[in-house]
Novice: 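I have a structure I would like to understand better, so I am pasting it below and will then ask my questions one at a time.
Naming: A, B, ... by sequence-line order, numbering from 1 per chain.
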Number of protein chains: 2
Amino acid sequence: MADLNKLLTPLFLNEKEIRKVIELLFFSYRDFTAGPDKILEKLGFGRAHHRVIYFVGKQQKLTIKDLLTILQITKQSLSRVLNQLVKEKYIIVSTGIDKRTKNLSLTKKGQELENELSTIQIKKIRKIIKNYDETDINGFKKVLYSMIEEKNKLKFNEINYK
Amino acid sequence: MADLNKLLTPLFLNEKEIRKVIELLFFSYRDFTAGPDKILEKLGFGRAHHRVIYFVGKQQKLTIKDLLTILQITKQSLSRVLNQLVKEKYIIVSTGIDKRTKNLSLTKKGQELENELSTIQIKKIRKIIKNYDETDINGFKKVLYSMIEEKNKLKFNEINYK
DNA sequence: ATAATTAAGTCAATATGGCTGACCTAAATA
DNA sequence: TATTTAGGTCAGCCATATTGACTTAATTAT
């Protein structure tokens, strides 16, 4: 039965091939985040700061709760990072219409940093994407998307297609 | 000129589309590692232990230097993690032919854990891959591969095609 | 009007996984 | 014989996450 399965499994579904995918994910993700990490380090920031700046930049007036839902970290973890960014004037906080909520927005300084960090990654992806045809890129995006948990797919769609 | 570039840029190279890719990477990578993380937590281990177990499992008799080159962390960082795995008998250390080196191998206990952890990720990928044709999967793999830095591509090829 | 829920904040303790710097031993190689 | 390499270790530091407990203020539900 195990042999039968082996015979019926297409080559690209072999365990060996799948292990390559695991490694591709590990290596590519690490190298992808390495660029911004260097800039952040000089400012005394880490990857967590980048995430906050990225998502606040994407959607100005984001609330703290939104950010917590996207990042899936605790309030306490976010708090440290966010307070630093506010104190150093990368992010500005205002009270929402619902006065319990707070709206986060990037300052000019914050936008500049966001731009610097994102540009590295955008250039990297654009450079890669140019070498492939739309079929490959679509495959890439489709497979990545399906790796996201259902509940988080909703989140992804919400922030991109609302 | 900027307008001209905009006109010449295919739709899937738009900044907005590229930002989606950035987010896809973030969400998918996080969800992909979430499964094993839960099991590791029960054992008092973290993702770093997983990486060590994974690569030692892939290539028995791996040396410490090999592992350091793959993981790109410091000796001191590896040491803590590795010593725990040795102490708790997931990994066994023997002296190499070059008596300065050490060969790392998984014990039976280690193999069982490796299997448990990898199975989660392998199943996940296999399930996804089954829903797509080979064209998509190839696009996925090709693009991921090209996201790896040149020097690390060599490393990836070395451990997979040597 | 009051009770319950929600958004946000805070204090304290803990764990993981990285880092640097300094220094050591033993074995292999130049 | 001198140098390089593989590995180890001590100490301290930092970033990022966690849990638990508790508070305030505003909104919503009863």
Side-chain angles (χ1 to χ4, degrees), chain A residues 26 29-31 33-34 36-56 61-88 91-105, chain B residues 26 29-31 33-34 36-56 61-88 91-105:
Chain A
F26 170 63
Y29 192 79
R30 188 184 58 186
D31 287 353
T33 49
D37 283 358
K38 274 178 212 156
I39 293 169
L40 292 157
E41 207 191 346
K42 285 178 208 156
L43 300 169
F45 294 153
R47 206 174 291 173
H49 299 82
H50 187 186
R51 284 182 206 130
V52 170
I53 285 179
Y54 178 89
F55 286 108
V56 173
K61 297 206 168 183
L62 202 68
T63 66
I64 303 236
K65 201 207 167 187
D66 290 338
L67 206 42
L68 288 174
T69 312
I70 292 169
L71 299 178
Q72 282 178 213
I73 55 174
T74 58
K75 226 188 328 179
Q76 297 90 321
S77 294
L78 175 60
S79 157
R80 192 189 349 95
V81 168
L82 186 56
N83 286 338
Q84 280 175 278
L85 290 170
V86 171
K87 196 173 284 168
E88 299 188 30
I91 284 179
I92 192 158
V93 185
S94 57
T95 304
I97 302 166
D98 179 338
K99 283 177 189 167
R100 289 171 305 177
T101 64
K102 288 189 175 172
N103 293 138
L104 305 172
S105 299
Chain B
F26 170 63
Y29 192 78
R30 187 185 59 187
D31 288 353
T33 50
D37 284 358
K38 274 179 212 154
I39 293 169
L40 291 158
E41 207 191 344
K42 285 178 206 154
L43 300 170
F45 295 152
R47 205 174 293 172
H49 299 83
H50 187 187
R51 286 181 203 129
V52 170
I53 285 179
Y54 178 88
F55 285 108
V56 174
K61 298 209 168 183
L62 201 67
T63 67
I64 305 243
K65 200 206 166 188
D66 290 338
L67 205 42
L68 289 174
T69 312
I70 292 169
L71 299 177
Q72 284 178 209
I73 56 173
T74 58
K75 227 188 326 179
Q76 295 92 319
S77 294
L78 175 59
S79 159
R80 193 182 346 91
V81 169
L82 185 55
N83 286 338
Q84 278 175 278
L85 290 169
V86 171
K87 196 173 283 169
E88 298 187 32
I91 284 179
I92 192 158
V93 184
S94 58
T95 304
I97 302 166
D98 178 338
K99 285 176 187 166
R100 289 171 306 177
T101 66
K102 288 188 175 172
N103 293 137
L104 306 172
S105 299

Novice: Write down the distance between CZ (B:F26) and P (D:dT16), rounded to a whole number of angstrom.
Specialist: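 Roughly 13 Å, once rounded to whole Å.
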Novice: Which is more 5' along DNA chain D, the nucleotide nearest A:Q72 or the one nearest A:D98? Just name the residue.
Specialist: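 Upstream on the strand: A:Q72.
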Novice: Expressed as a whole number of angstroms, how long is the span from A:L82:CG to D:dA17:P?
Specialist: 13 Å
Novice: Would you state whether a donor and an acceptor, one from the side chain of B:K75 and one from the base of D:dG7, lie under 3.5 Å apart?
Specialist: yes
Novice: Measure the distance from CZ on B:R80 to P on D:dG7 and round it to the nearest whole Å.
Specialist: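 That distance rounds to 19 Å.
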Novice: Look at the side chain of B:R51 and decide which nucleotide, out of D:dG7, C:dG18, C:dG17, has an atom nearest to it.
Specialist: C:dG18
Novice: Set out, in order, the CA-CA distance, both residues' side-chain angles and the distance that settles side-chain contact (heavy atoms from CB on, under 4.5 Å) for B:N103 and B:V93, then state yes or no.
Specialist: CA-CA 6 Å; B:N103 293 137; B:V93 184; over 6 Å; no
Novice: Looking at the base of D:dA17, is there any donor atom on it, or on the side chain of B:R47, that sits under 3.5 Å from an acceptor on the other one?
Specialist: no
Novice: Rounding to an integer number of Å, can you tell me how far A:E41 CD sits from D:dT16 P?
Specialist: 11 Å
Novice: Would the base of D:dG7 count as contacting B:Q76 through its side chain, where contact means a donor and an acceptor less than 3.5 Å apart?
Specialist: no
Novice: Measure the CG-CZ distance between A:D37 and A:R47 for me, rounded to the nearest 0.5 Å.
Specialist: 4.5 Å
Novice: Give the nucleotide from the list C:dG17, C:dG9, D:dG7 with an atom nearest to the side chain of A:I64.
Specialist: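 The nucleotide sitting nearest to the side chain is C:dG9.
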Novice: I want to verify a distance call: between C:dT10, D:dA17, C:dG17, whose nearest atom is closest to the A:N83 side chain?
Specialist: C:dT10
Novice: Looking at the side chain of A:S77, which of D:dA6, C:dG18, D:dT18 is the nearest nucleotide?
Specialist: D:dT18
Novice: Please tell me which of the listed nucleotides, D:dA17, C:dC19, C:dG17, lies nearest to the side chain of B:V81?
Specialist: C:dG17
Novice: State whether a side-chain donor-acceptor pair under 3.5 Å links A:T101 with A:D98.
Specialist: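 A:T101 vs A:D98: no donor-acceptor pair found between side chains.
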Novice: Rounded off to whole Å, could you give me the NZ-to-C1' distance for the B:K87 and D:dG8 pair?
Specialist: 14 Å
Novice: At how many degrees, to 10°, do the end axes of the helix from C:dA1-D:dT30 to C:dA30-D:dT1 meet when each uses five pairs?
Specialist: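 Axis-to-axis angle, ends of the helix: 30°.
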Novice: Can you tell me how far apart CG (B:L62) and CG (B:L67) are? Round to the nearest 0.5 Å.
Specialist: 5.5 Å
Novice: In this structure, how many angstroms lie between the C1' atom of D:dA15 and the NZ atom of A:K42, rounded?
Specialist: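 For the pair A:K42 NZ and D:dA15 C1', the rounded distance is 19 Å.
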Novice: Of the nucleotides C:dT20, C:dA8, D:dA17, which has the atom closest to the A:K102 side chain?
Specialist: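 So the nucleotide nearest the side chain must be C:dA8.
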